[in-house]
Amino acid sequence: MKAISIQTFGGPDGLAVVGLPVPAPAAGQVLIATEAVGVGGVDTVIRSGALAAYGFKEGHIPGSEVAGTVTAVGDGVDASWIGGRVWAFTGTGGGYVEQALAPVEEIVPLPVTLSAVDAVTLGSSGVVAHFGLRHAHFAPGETVLVRGAAGSIGIMTVQLAARGAAAAVAVTTSSAERGEQLRRLGATHVLDRSGDGGEPSPAGYDVIIDVVAGKDMPSFFDRLNPNGRMVAVGAVAGQPPADFGTKIMAAFQKSMSFAAFSAATVTAAERRAVRSEQFAAASRGEIETVVHEVLPLDAAVLAHQKMDAGEVFGRIVLTP
């Protein structure tokens, strides 16, 4: 089968098409003929080599979410899954393939009217947005800032905050065009990447959901209200400065808080329940999936070039 491998850490050109044998599902696994593969920000970070210290090696197959049809099951898995259309989380890799393995507890049936492309646009990002807002103890009537709102996680956070009756949903983004797209999805205020804007915006925010992190993250503590909460759900710009917590301590009397959030800390059953609800909502048109572009699997280099260039609004999807 065709797969995409990280032959050399670094730029997108380190990705290559390789041939691999079709795997057999082990106990507790299913094999999926992939119709769509989501390209995520973490894929580009792994490809760069930035996470090599965490055990990622050259030869790694990137990709963590796929959608398609179950073609085989391992021992202990109900054979009725065979022939079913599912979304699946493959783990920290293994998704850029024509035939993907996934644990049965990490698959979710798809509504008949939801495409595989839409499923991989929503499957991971929707869960992170939902539980990220919950981790921040977001409540109706609060003001929310989504930092780095043009990616799939940010887009879903905007929509869920708006649906959750936020008093305001501000976004940081790189262009007026993207800002208008985000307004259509529920944003009320559009700011530049530094958090400033040419229009009146809330003086402070009760919740900041940060997809970006990086060196500028500490400056956003200044934008939190008293008792405000910032939750980092990603780090597409890299790690923040080692001393970023001094900003919180310097404003001790504001009782601000910071947390990181990973969906890995949520039970598989909770993740499945939320994904099922969100897939159903998307199939009814209540949640919008934003697909930047659909490319063939062997165009993974181009997909990563676009990701690195910051050209993507929503999600790039690869199709085998």
So [Y] and [X], do their side chains get closer than 4.5 Å, heavy atoms only?
X	Y	result
Glu286	Arg163	yes
Asp308	Arg47	yes
Glu270	Phe131	yes
Val97	Thr90	no
Ile155	Ser125	no
Pro109	Trp81	yes

Worksheet entry | Main-chain N/O of Ala213 paired with Asp210 side-chain donor or acceptor, under 3.5 Å |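 Judged by distance alone, yes, a pair lies under 3.5 Å.
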Worksheet item: Any donor-acceptor pair under 3.5 Å linking the side chain of Thr121 with the backbone of Gly314?
Response: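 Judged by distance alone, no pair lies under 3.5 Å.
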Practice prompt. Return yes when atom CG of Asp78 has more than 12 non-hydrogen atoms of other residues, nucleotides or ligands closer than 6.0 Å, and no otherwise.
Written response: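 Counting other residues, nucleotides and ligands, CG of Asp78 exceeds 12 neighbours.
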Worksheet item: Does a salt bridge link Asp196 with Arg223, judged by any charged N lying under 4.0 Å from a carboxylate O?
Response: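 Here Asp196 pairs with Arg223 in a salt bridge, since their nearest N and O are under 4.0 Å apart.
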Item to complete: Determine the interplanar angle of the Phe56 and His60 rings, folded into 0 to 90°, and report it as parallel if under 30°, tilted if 30 to 60°, perpendicular if over 60°.
Response: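 Aromatic pair Phe56/His60 classed perpendicular.
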Item to complete: Could you tell me how the ring of His135 sits relative to the ring of Phe261: parallel (under 30°), tilted (30 to 60°) or perpendicular (over 60°)?
Response: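 Correct class here is tilted.
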Worksheet item: Val233 and Val39: same hydrophobic cluster, using ILVMFWY side-chain contacts below 4.5 Å?
Response: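 No; tracing contacts between hydrophobic side chains, which count when under 4.5 Å, never links both residues.
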Worksheet item: Taking a hydrophobic cluster as the set of Ile, Leu, Val, Met, Phe, Trp and Tyr residues connected by side-chain heavy atoms closer than 4.5 Å, whether directly or through intermediates, do Val30 and Val120 fall within one such cluster?
Response: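 Not linked; separate clusters.
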Discussion item. Against Gln99, only a single residue in Thr71, Thr34, Ile32 fulfils side-chain contact (heavy atoms from CB on, under 4.5 Å); can you say which?
Written reply: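 One option only clears the test, and that one is Thr71.
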Worksheet entry | Exercise: identify the closest heavy-atom pair between Val158 and Gly186 |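 Looks like CG1-C, 3.9 Å.
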Item to complete: Sort and list the pairs that fulfil salt bridge (charged side-chain N to carboxylate O under 4.0 Å, His left out) and have at least one residue in residues 94-122, not counting sequence neighbours.
Response: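 For residues 94-122: Glu106-Arg271.
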Practice prompt. Mind running side chain to side chain donor-acceptor pair (under 3.5 Å) on Ser152 and Arg315 for me, showing each step along the way?
Written response: CA-CA 6 Å; Ser152 56; Arg315 171 140 293 189; 3.1 Å; yes
Practice prompt. Carefully, step by step, assess His137 and Arg229 under the rule side chain to side chain donor-acceptor pair (under 3.5 Å).
Written response: CA-CA 8 Å; His137 302 286; Arg229 295 87 66 196; over 6 Å; no
